[in-house]
Novice: 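Sharing a structure here in structure tokens format.
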Amino acid sequence: MWMWQLIFNLTMKIASWNINSIRTRLEQLITWLNESNPDIVLLQETKVLDENFPFEPIEDCGYNIVVHGQKSYNGVAILSKFPLEDIQIGFPGQKDPSQARYIEAVTNNLRVASVYVPNGQEVGHDKYHYKLKFLEDFFHYTNQLQGLNERVIIGGDYNIAPTDLDVYDAKKFQDRILASPLERRAWRKIIHSGWIDAVAAYLGTNDLNAETFYTWWDYRQGSWEQNRGLRIDHFLLTPQAADQIKTISVDTDLRGNIRPSDHAPLILELTQLIV
DNA sequence: ATGGTAGGGATCCTA
């Protein structure tokens, strides 16, 4: 009996959500925090200066908060029920730290980060090359993190659908932004260096389809209603963390809300193995 | 079929 209690207490729920403006979505966020009760939340596209971040209502839900925001665009944050330490704003080697796209902290003996990879606009655009450069610099930093030999989880909007299974229409997205060969190569480079895509690992052990893990549906042309989605939000785990995956799922309820974000939260549960 | 919708905040940029 006591042992089950111990295992229960060591389960940790970590969510990643591109909220697309925390001020517009604040009420939805609070409702969801109270209902879903995640231990750690990694947010992207908060779209708010740090001085205007709505700290109080979130702290009232029992969370500590660290933020890295800017005006109008981007912006990342970490919420945790545990103390947040060793906070890092941006990552070493990030070429353009004025774009608020990365924040990292240690909480409850786990290193977590929230990343918002550039969208890239369209293949060949200046913003596309900016995205590829960001991914290259990010790759080098993630190698440094691997060297720590810690449990590390980087959740966020990577703006990459890793394979054709991760888009609702592979032909439509062939050579297009979010699914182009160079973006996918950048993704694989990170994966092949030792990071575990939590969903890919979970799919390998369960009878589920990749479409179960779509996290983004375009606001336009009734994409949500027709389930024309993409899997572009991901959790990357070091092997030390991947060994503890219990479940992973997408909270699609939020995408069905009135005035929703165009992304749904990706939710990972870890279990500490008792040996 | 090169549109469509949403957010920020400024009369367009980003996604």
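Note on naming: letters A, B, ... go to the chains in the order of the sequence lines (proteins, then strands), and numbering restarts at 1 for each one.
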Novice: Reckon A:R220 has a side-chain N or O less than 4.0 Å from the OP1 or OP2 of B:dA15?
Specialist: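 No.
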Novice: More 5' along DNA chain B: A:N74 or A:Y219, using each one's nearest nucleotide?
Specialist: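 Here A:Y219 is the residue nearer the 5' end.
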Novice: Sequence neighbours left out, what passes salt bridge (charged side-chain N to carboxylate O under 4.0 Å, His left out) with A:D197? Give chain and number order.
Specialist: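 Residues passing salt bridge (charged side-chain N to carboxylate O under 4.0 Å, His left out) with A:D197: A:R231.
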Novice: I want to check one thing: is the phosphate of B:dT5, taken as OP1 and OP2, less than 4.0 Å away from some side-chain N or O of A:R259?
Specialist: no
Novice: Between P on B:dG8 and CZ on A:F53, what's the gap in Å once rounded to a whole number?
Specialist: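 Rounded to whole Å, this separation is 14 Å.
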Novice: Is it true that A:D164 and A:R184 have a side-chain N and a carboxylate O under 4.0 angstrom from each other?
Specialist: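 Yes, A:D164 and A:R184 are salt-bridged.
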Novice: Take the protein atom CZ of A:R25 and the nucleotide atom C1' of B:dG7, then report the distance between them rounded to whole Å.
Specialist: 8 Å
Novice: Is the NZ or CZ atom of A:K81 both under 6.0 Å from the centre of the six-membered ring of A:Y63 and within 45° of that ring's axis?
Specialist: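 Because its charged atom sits under 6.0 Å from the ring centre and within 45° of the axis, A:K81 does stack over A:Y63.
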Novice: Using the P atom as the reference point in each nucleotide, state the distance between B:dA1 and B:dT11 in Å, no decimals.
Specialist: 35 Å
Novice: Given atom CD of A:E183 and atom P of B:dA15, what is their separation to the nearest angstrom?
Specialist: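 Spelled out: CD on A:E183 to P on B:dA15 is 13 Å.
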Novice: Tell me whether the side-chain N/O atoms of A:T24 come closer than 4.0 Å to OP1 or OP2 in B:dG8.
Specialist: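 The answer is yes; a side-chain N or O of A:T24 sits under 4.0 Å from OP1 or OP2.
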Novice: If I take atom OH in residue A:Y116 and atom P in nucleotide B:dT14, what distance separates them, rounded to the nearest angstrom?
Specialist: 11 Å
Novice: Could you state the atom-to-atom distance from CG of A:N257 to P of B:dA6 in whole Å?
Specialist: 14 Å
Novice: Over all strands shown, is A:R101 touching base, sugar-phosphate only, or nothing at heavy-atom distances under 4.0 angstrom?
Specialist: sugar-phosphate
Novice: Taking atom P in both B:dC13 and B:dT2, what distance in whole Å separates the two?
Specialist: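 That atom pair is separated by 22 Å.
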Novice: Taking atom C1' of B:dC13 as reference, at what distance in whole Å does atom CG of A:D126 sit?
Specialist: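 A:D126 atom CG is separated from B:dC13 atom C1' by 15 Å.
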Novice: What is the distance from CG of A:N119 to C1' of B:dT14, rounded to the nearest Å?
Specialist: 8 Å
Novice: At less than 4.0 Å, is any side-chain N or O atom of A:R23 found next to OP1 or OP2 of B:dG9? Yes or no.
Specialist: yes
Novice: Considering only the P atoms, how many Å lie between B:dG9 and B:dG3, rounded to the nearest integer?
Specialist: 27 Å
Novice: Any side-chain N or O of A:K71 under 4.0 Å from OP1/OP2 of B:dG9?
Specialist: no
Novice: Which sits closer to the 5' end of DNA chain B, A:N20 or A:N159, going by the nucleotide each is nearest to?
Specialist: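 The residue closer to the strand's 5' end, by nearest nucleotide, is A:N20.
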Novice: Report yes if some heavy atom in the side chain of A:T238 is under 4.5 Å from a heavy atom in the side chain of A:Q146; otherwise report no.
Specialist: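 When only atoms from C-beta onward are counted, A:Q146 and A:T238 do touch, with a gap below 4.5 Å.
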Novice: Measure from CZ on A:F134 to C1' on B:dA15 and round the result to the nearest Å.
Specialist: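 Whole-Å distance recorded here is 16 Å.
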Novice: Taking A:T46 for its side chain and A:I22 for its backbone only, find out whether a donor-acceptor pair lies under 3.5 Å.
Specialist: no
